[in-house]
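In what follows, a single structure is set out as structure tokens and then discussed.
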There are 2 protein chains.
Amino acid sequence: MATMKQVAERAGVSTSTVSHVINKTRAVSEDVRERVLAVIGEMGYIPNAMARSLKNDKTRTIGVSVPDNTHAAMAELLRGIEDAAFAVGYNIMLCNGYEDPQRQAAHLRSLIEKRIDGLVLVAGAARANEELAALLSSGRVPVVLADHAVAGVDTDFIGLDHEATGYLATRHLLELGHRRIACVAGPAHEPAGSARLAGCRRALAEAGLALDPKLLVHGSADCQGGHDAARRLLGLDAPPSALFACNDLMALGALCAAREAGVAVPAALSVAGGDDLGVAAFATPRLTTVAQPSHEMGRRLTELLLQRIQGDPAPRHQTRLGGQLVVRHSTAAPQAR
Amino acid sequence: MATMKQVAERAGVSTSTVSHVINKTRAVSEDVRERVLAVIGEMGYIPNAMARSLKNDKTRTIGVSVPDNTHAAMAELLRGIEDAAFAVGYNIMLCNGYEDPQRQAAHLRSLIEKRIDGLVLVAGAARANEELAALLSSGRVPVVLADHAVAGVDTDFIGLDHEATGYLATRHLLELGHRRIACVAGPAHEPAGSARLAGCRRALAEAGLALDPKLLVHGSADCQGGHDAARRLLGLDAPPSALFACNDLMALGALCAAREAGVAVPAALSVAGGDDLGVAAFATPRLTTVAQPSHEMGRRLTELLLQRIQGDPAPRHQTRLGGQLVVRHSTAAPQAR
DNA sequence: CTGTTAGCGCCTTCAG
DNA sequence: CTGAAGGCGCTAACAG
């Protein structure tokens, strides 16, 4: 691959002149400039960003560590990050951590070797191991945390307001007149799910109700988990008239279980989810849910990170972005008995 | 950040010795080795991969350009790539091209500046513009093409066998006894969709049938497109008894439309899709579809690319990976009339 | 077994 | 307006 030196020779100028025409970093006579540009075109010269980075100590690359890019919400977040980064000429290095601190640490180590300018970390529920925590808090790389705090890592954070999500969905069910409301939650230790559950409880409490322990079922945070949980709830002696599933996947699973149990939605059971995946709008029936601004979260995280990279000394930033209730056809007033 | 030189000074040795203990690239006396390692630990020294790459001309980074990482199939593919790359110590630079040749070219240019070792390109349906094509065929970077050929770029290719997918799904419907089979297809120019449609036609032809033009509806390749197409089909004077949607999103949309039209699935209408998204198994009813080995495709693409990077001169490789029919509850024999 | 040296490709003073 | 020279951090001959 052509180098600047070769370009310089062929154009009969010094490398510094070539450098300056490329970067417009000092005045160059018009004819020299044109000649150099012509040679660059002919030779198909493309500057070597590594050599450049070695000098500047800036790679214009940011690392992104997510638990799993196939989760719809992660994918959306990732897209927000990539969009915001591209807009200012940065590239993204993607790492799937799979909630495995070992793997995450290996990734991060590699990213640091490659001297990323910053890191967007979506940690997931797993606790960071010692190595990962050390790398993160060593301050070698600016880090912004997405949606999940990481114990011992005190840095900028932008997340979703999961508590509000649970609250909004549940209040919607209450406003429809439901009183016997179940919650289908993910694994108990998972922070996002726990917050949504807490929001659910708060809404219930405001209505003078408490969540019946029999109506709270934990399961895996996917369709299968939602399906199994709903089936259990529908088998109860006194089944709920409405159900809040902590995320859309679980809600979709619940819808599936209801249909298989011959329970009509929303006539006999209202179901609300949270996320607003693309397919939720076309579920049977179309799912009422709480849309999350995942793309925006990615964008804002990136903008924040870029500010830190530029040395912005502002105090630690922490926000949670609210979701929006989207009422569709899976919820309705309870049937008269 | 600590440099090798600093480590060398502090350990009282030369940088080359430090280099050699790090890379185990020549014998070093045990005590010196230990001393160096100790200093590395103390100082938290992490080698600078850029400086290293400047010498080797290898970055251990591969670029991945996809149309949009939020599409479920892309996400799965991407994960396959990342997994395979991580397994051999490579990192991934992710770019979303959004079917925009301009943006793709900008990304590729940036990746070349950063001297990626290779590129996995998922081109999408859009035609490459001049700049992009030039960059791709200039041979500066080994490229493997995923699923979509690119005009003028003659290189390794691994895709999905979309034709077989259409064939399998349609033959399944035929074997159930359907004769009036509709096809819900994506945009006419889209290669994957067209191939699935062709497979559908082939299965029909083998059964001595032809696809009734009225029963072929093109639309956007998402839930909305599938929904609208199905609604149109169900409004026909002689509606189909079965329907093959070229992908799961469209199939899910079709399911939605059927329910809204009061058409029971599978009693009055069988629906088959193609992809096997995670949610397909929990659709109402659970969707019969053709699962695609997207993850495997990503893995194989990466392995192939890595071979090319290592200079493997084997002739151009071209494969299409077959999908697998997954029969669930959205298809059944046609109702007697 | 260890150190010295010469770059990798680029930017950036410092001179002219 | 232009060129020469030094150095970013690391590796790999080449000496000893």
Side-chain angles (χ1 to χ4, degrees), chain A residues 1-37 39-40 43-61 89 109-117 140-141, chain B residues 1-37 39-40 43-61 89 109-117 140-141:
Chain A
M1 203 163 264
T3 78
M4 213 169 80
K5 194 165 153 200
Q6 292 166 355
V7 171
E9 274 168 17
R10 193 132 120 173
V13 297
S14 74
T15 59
S16 72
T17 296
V18 175
S19 172
H20 284 122
V21 335
I22 290 174
N23 301 309
K24 305 193 209 309
T25 180
R26 88 177 172 196
V28 175
S29 69
E30 189 53 27
D31 59 333
V32 168
R33 210 180 69 84
E34 274 175 16
R35 188 146 38 94
V36 169
L37 254 18
V39 172
I40 286 178
M43 303 183 68
Y45 168 72
I46 295 188
N48 185 329
M50 281 183 313
R52 198 177 271 178
S53 297
L54 199 53
K55 290 223 56 121
N56 318 331
D57 232 30
K58 290 264 150 269
T59 52
R60 296 187 83 76
T61 299
R109 159 94 194 192
S110 178
L111 293 178
I112 293 178
E113 289 187 354
K114 289 181 180 164
R115 297 298 192 261
I116 53 167
D117 291 343
R140 330 173 84 92
V141 165
Chain B
M1 202 163 260
T3 77
M4 214 169 79
K5 194 167 153 198
Q6 292 166 353
V7 172
E9 273 167 17
R10 192 128 119 171
V13 296
S14 73
T15 58
S16 72
T17 296
V18 176
S19 173
H20 285 122
V21 336
I22 289 174
N23 302 308
K24 305 192 209 311
T25 180
R26 84 177 176 195
V28 175
S29 70
E30 188 54 25
D31 60 334
V32 168
R33 211 181 67 85
E34 274 175 16
R35 189 145 38 93
V36 169
L37 255 18
V39 173
I40 286 177
M43 303 182 69
Y45 168 72
I46 295 189
N48 184 328
M50 282 183 313
R52 197 177 271 177
S53 297
L54 199 53
K55 291 224 55 122
N56 313 336
D57 230 31
K58 289 266 151 268
T59 52
R60 296 187 83 78
T61 299
R109 160 94 192 190
S110 177
L111 293 178
I112 293 178
E113 289 186 353
K114 289 181 179 163
R115 297 298 192 262
I116 52 167
D117 290 345
R140 330 173 84 91
V141 164

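In the text below, chain A, chain B and the rest are named by the order of the sequence lines, each starting its count at 1. Remember, it's a predicted structure, so these values are computed and weren't measured experimentally.
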Is [X] touching bases, backbone alone, or none of the nucleic acid, heavy atoms closer than 4.0 Å?
X	result
A:S19	base
B:D57	nothing
A:S16	base
A:V28	sugar-phosphate

### Query
Toward the 5' end of DNA chain C, which comes first, B:K55 or A:I22, by nearest nucleotide?
B:K55
#### Entry: B:T61 side-chain N/O to B:T59 backbone N/O, donor-acceptor pair under 3.5 Å
yes
Between [options], which nucleotide has the shortest distance from any of its atoms to the side chain of [X]?
X	options	answer
B:M4	D:dC10, C:dG3, D:dG3	D:dC10
A:A51	C:dG9, C:dC1, D:dG9	C:dG9
B:S14	D:dG9, C:dC1, C:dG3	C:dG3
B:R26	C:dT4, D:dC14, D:dG3	D:dC14

### Query
Does the pair A:K5 and A:E9 meet the rule for a salt bridge (Lys or Arg N to Asp or Glu O under 4.0 Å), with working shown?
CA-CA 6 Å; A:K5 194 165 153 200; A:E9 274 168 17; 5.1 Å; no
### Task
Could you tell me the separation between the OG atom of A:S29 and the CZ atom of A:R35, rounded to the nearest 0.5 Å?
7.5 Å
